[in-house]
Structures are given as structure tokens and as C-alpha cells.
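Keep in mind that this is a model prediction, so the values were computed, not measured.
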Amino acid sequence: QVQLVESGGGSVQAGGSLRLSCAASGYTVRSVCMGWFRQVPGKEREGVAVIDRDGSTRHADSVEGRFTISQDNAKNTLYLQMNSLKPEDTAMYYCAAVRLYRWCPSDPLKRYDYNYWGQGTQVTVSS
């Protein structure tokens, strides 16, 4: 059974940093495309960053240069390092994975091809 559990969210001031973690069980993180998404009430869930089976990454333009996605195979955990946080980064953050052994879809920052989701962790950035 695939399970994803996020942690690390919280409240910070603008310019601060947070690191989100997503502990995976039921499969190994290297075997599947995984990503971080975020959502604010009333808006679509948007892709933040993804990492493919070969370790290649892609980040949304809005976070490029500030956020970094990575994974630790030994801990079977996905991370999102968030630096220089802005109030507009405030959202519920979710980690997600596609089906086992699949590579990232052609449009990896769209949520539709992701089959497994965590429960989310809240990030609040104050000005």
C-alpha cells in the first residue's frame, strides 16, 4: 500500500526558510516520478517541483532559484527546501507520486497524472 506523509510546514516571516519532508512507504522514491504541489482555497492545485526517476528536476517559474526538490533514497523521503519565502507562497503543500515505475508525464507540473497524494502540510508566510 502506497502512503505519503508530509511534514515540516509552519509559519515563517517573509525571507525565511522551511524544509518540507514527504516520507514514502509501499515503494521506493527512486522508482517513480514524484512532485510537490500547493493549493490555496478557491484555486487550482498547482505544481511546484518534480523529480523524475533519473533524478532530473523541474521547478515552476514562480519558485525557480528559491525552492529545491530532492530525495534521500536511504530514508525513502522526498524534500522541498524553500528559501526566500514570500507571502504568496502561503498554501497547503502536498507531495504526490505517479503510478509505480512510471516516468514523469509530458507536463509534469499538472496534477492530473498523479495517483497518490499525501494529506498536506500548511505553509504560512507573513509579511
Quiz prompt | Pairs involving residues 64-76, ordered by first then second residue, that meet salt bridge (Lys or Arg N to Asp or Glu O under 4.0 Å) (sequence neighbours left out) | solution = Arg66-Asp89

Quiz item: Should we count CG of Asp107 as having more than 12 external heavy atoms under 6.0 Å?
Solution: yes

Practice problem: Mind listing the closest non-hydrogen atom pair of Cys104 and Pro108 along with its distance? | Solution: CB-CB, 4.1 Å

Exercise. Look at the side-chain heavy atoms of Ile, Leu, Val, Met, Phe, Trp and Tyr, link any pair under 4.5 Å apart, and say whether Val40 and Val48 land in one connected group.
Key: no

Practice problem: Name all residues meeting the salt bridge (charged side-chain N to carboxylate O under 4.0 Å, His left out) criterion together with Glu46; count only those two or more places apart in sequence or in a different chain, and write none if there are none. | Solution: Arg38

Exercise. Locate the shortest heavy-atom distance separating Pro87 from Ser126; write the atom from each residue and the value.
Key: CG-C, 4.5 Å

Practice problem: Return each pair, listed once, that meets ring-ring contact (aromatic ring centres under 6.0 Å, His included) where at least one residue sits in residues 64-103; pairs must be two or more places apart or across chains. | Solution: none

What pairs of donor and acceptor atoms, side-chain ones from residues 15-23 against any protein atom, are under 3.5 angstrom apart with sequence neighbours left out?
{"unit_1": "Ser17", "atom_1": "OG", "unit_2": "Asn83", "atom_2": "OD1", "d": "2.9"}

Quiz prompt | Residue pairs involving residues 43-73 (criterion disulfide (SG to SG under 2.5 Å); sequence neighbours excluded) | solution = none

Quiz prompt | Atom of Val98, atom of Arg102 and distance for their closest heavy-atom approach | solution = CG2-O, 3.5 Å

Side chains of residues 25-35: which donor-acceptor partners sit under 3.5 Å, not counting sequence neighbours?
{"unit_1": "Thr28", "atom_1": "OG1", "unit_2": "Ser31", "atom_2": "OG", "d": "3.4"}
{"unit_1": "Ser31", "atom_1": "OG", "unit_2": "Thr28", "atom_2": "O", "d": "2.6"}

Quiz item: Just how far is it from atom SG of Cys95 to atom CG of Leu4, taken to the nearest 0.5 Å?
Solution: 4.0 Å

Practice problem: In sequence, state the C-alpha distance, the side-chain angles, and the governing distance for Met82 and Trp36, and then conclude on side-chain contact (heavy atoms from CB on, under 4.5 Å). | Solution: CA-CA 12 Å; Met82 305 186 296; Trp36 286 98; over 6 Å; no

Quiz prompt | His59 side chain to Ile69 backbone, donor-acceptor under 3.5 Å | solution = yes

Quiz prompt | Any residue meeting side chain to side chain contact (heavy atoms under 4.5 Å, CB included) with Thr90, in chain and number order, not counting sequence neighbours | solution = Gln122, Thr124, Val125

Quiz item: Who passes side chain to side chain contact (heavy atoms under 4.5 Å, CB included) against Ser56, sequence neighbours left out?
Solution: Asp52, Asp54

Practice problem: Answer yes or no: is there a donor N or O on one side and an acceptor on the other, between the side chain of Gln119 and the main chain of Glu6, under 3.5 Å? | Solution: yes

Exercise. Only counting residues at least two apart or in another chain, list the ones meeting side chain to side chain contact (heavy atoms under 4.5 Å, CB included) with Glu44.
Key: Arg111, Tyr112

Quiz item: Taking Gln39 for the side chain and Ala91 for the main chain, is one N or O donor matched with an acceptor at less than 3.5 Å?
Solution: no

Practice problem: Output all residues satisfying ring-ring contact (aromatic ring centres under 6.0 Å, His included) with Tyr114, sequence neighbours left out; order by chain, then residue number. | Solution: Phe37

